[in-house]
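The structure under discussion appears below in the form of structure tokens.
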Amino acid sequence: MRDKEPTTRNTLEQGRAKHAFEQAKNAGDKEKFASYAKKLPMMIKTNGLGASMAFAKAKNEKAWKELFKAIEEWLKEKNYVKKALLEELVKIDSAHYRILTNEVIAYLTWLRRFAEGFKSQN
């Protein structure tokens, strides 16, 4: 039986998982990081990606800053954004905004899982 070639979707999921694993593993306060990673998807669905990311960026707390940075780094790594995340969010069209929203929520699914697993190691 031949091995299946990885699909673009599978490799994207693997990339999300790998990046999220590293971010969750290296988070400072794993308890808070996990809590915020769990809250953020609902904030995005309720308030929108731009408002939620602005909130995360504005919070003067290390766990929020780490969460914002993880998301921004992932989006830059995959070329969803080229500049600062907030700067691009206010300039893009609605189709690209929806794509970014879906990507961030998909990424947060992995981040939340790993963060929950690491929080007991704090």
Side-chain angles (χ1 to χ4, degrees):
M1 181 176 207
R2 274 182 47 190
D3 288 335
K4 281 184 157 181
E5 287 293 318
T7 63
T8 303
R9 181 181 170 106
N10 287 343
T11 56
L12 182 58
E13 280 296 315
Q14 290 170 336
R16 283 183 194 131
K18 181 179 182 214
H19 191 272
F21 176 85
E22 290 300 322
Q23 298 303 313
K25 182 174 114 180
N26 296 323
D29 185 336
K30 290 178 176 39
E31 188 77 33
K32 285 184 179 179
F33 188 83
S35 173
Y36 300 156
K38 189 175 181 178
K39 291 176 184 177
L40 193 55
M42 188 50 71
M43 288 176 65
I44 292 169
K45 290 175 184 175
T46 303
N47 304 310
L49 181 62
S52 299
M53 296 311 297
F55 173 84
K57 176 91 171 156
K59 293 302 278 185
N60 195 14
E61 191 172 347
K62 186 177 181 188
W64 276 114
K65 292 191 181 312
E66 289 174 333
L67 186 56
F68 179 89
K69 184 178 175 210
I71 293 166
E72 185 175 53
E73 283 179 3
W74 171 249
L75 293 174
K76 283 182 178 178
E77 183 178 309
K78 291 298 169 190
N79 293 319
Y80 283 102
V81 296
K82 308 246 185 281
K83 302 176 194 166
L85 176 57
L86 292 178
E87 187 178 327
E88 290 217 18
L89 284 175
V90 298
K91 294 179 181 177
I92 59 176
D93 62 36
S94 61
H96 193 189
Y97 188 89
R98 281 191 302 276
I99 290 167
L100 285 180
T101 299
N102 291 334
E103 181 57 33
V104 169
I105 289 173
Y107 175 74
L108 284 169
T109 301
W110 283 105
L111 193 61
R112 214 173 49 236
R113 289 175 185 159
F114 289 124
E116 281 293 315
F118 282 117
K119 78 178 183 181
S120 62
Q121 298 176 9
N122 203 11

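Position 1 is the first residue of the sequence; numbering continues from there.
In this structure, the side chains of Leu111 and Phe33 come closer than 4.5 Å at one or more pairs of heavy atoms. Counting heavy atoms from C-beta on, the side chains of Asp29 and Tyr36 never come closer than 4.5 Å. The shortest distance between side-chain heavy atoms of Leu75 and Tyr107 does not fall below 4.5 Å.
Between the side chain of Lys65 and the backbone N or O of Lys59 there is at least one donor-acceptor pair closer than 3.5 Å. A donor-acceptor pair under 3.5 Å is absent between the side-chain atoms of His96 and the main chain of Leu89, judged by distance alone. A donor-acceptor contact shorter than 3.5 Å is absent between the side chain of Lys38 and the backbone of Arg112. Looking at Glu88, its side chain does come within 3.5 Å of a backbone N or O of Lys82 through a donor-acceptor pair. The backbone N or O of Leu49 lies less than 3.5 Å from a partner atom in the side chain of Tyr97, making a donor-acceptor pair. In this structure a side-chain-to-backbone donor-acceptor pair under 3.5 Å is missing from Glu66 to Ala27.
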Checklist entry - Could you walk me through whether Leu40 and Ile71 pass the side chain to side chain contact (heavy atoms under 4.5 Å, CB included) check? => result CA-CA 11 Å; Leu40 193 55; Ile71 293 166; 3.5 Å; yes
Checklist entry - How far apart are the C-alpha atoms of Gln23 and Phe114, what are their side-chain angles, what is the distance that settles it, and do they pass the side chain to side chain contact (heavy atoms under 4.5 Å, CB included) test? => result CA-CA 9 Å; Gln23 298 303 313; Phe114 289 124; over 6 Å; no
Next on the checklist: Set out, in order, the CA-CA distance, both residues' side-chain angles and the distance that settles side chain to side chain contact (heavy atoms under 4.5 Å, CB included) for Val104 and Tyr80, then state yes or no.
Outcome noted: CA-CA 10 Å; Val104 169; Tyr80 283 102; over 6 Å; no
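Here the straight-line distance linking atom CZ of Arg16 with atom OG1 of Thr11 works out to 10.0 Å at 0.5 Å rounding. Interatomic distance, Leu108 CG to Leu67 CG, rounded to the nearest 0.5 Å: 6.0 Å. The distance from the CG atom of Asn102 to the CD1 atom of Ile105 is 6.5 Å, given to the nearest 0.5 Å. Here the straight-line distance linking atom CE of Met42 with atom OG of Ser52 works out to 11.0 Å at 0.5 Å rounding. Between the NZ atom in Lys18 and the CD atom in Glu77 there is a gap of 8.0 Å [rounded to 0.5 Å]. Here the NZ atom belonging to Lys78 is positioned 9.5 Å from the NE2 atom belonging to His19, to the nearest 0.5 angstrom.
Ring-centre distance between Phe21 and Trp110: not below the 6.0 Å cut-off.
Residues Lys32 and Ala63 share a closest heavy-atom pair of CB-CB, 3.8 Å. Of all non-hydrogen atoms in Glu72 and Leu85, the two that sit nearest each other are OE2-N, 2.7 Å. Contact between Ala24 and Ala115 at its shortest, heavy atoms only, is CB-N, 3.6 Å.
Within a 6.0 Å sphere centred on NZ of Lys57, heavy atoms belonging to other residues, nucleotides or ligands number 12 at most.
Under the 30°/60° scheme for interplanar angles, the aromatic rings of Trp64 and Phe55 are found to stand perpendicular.
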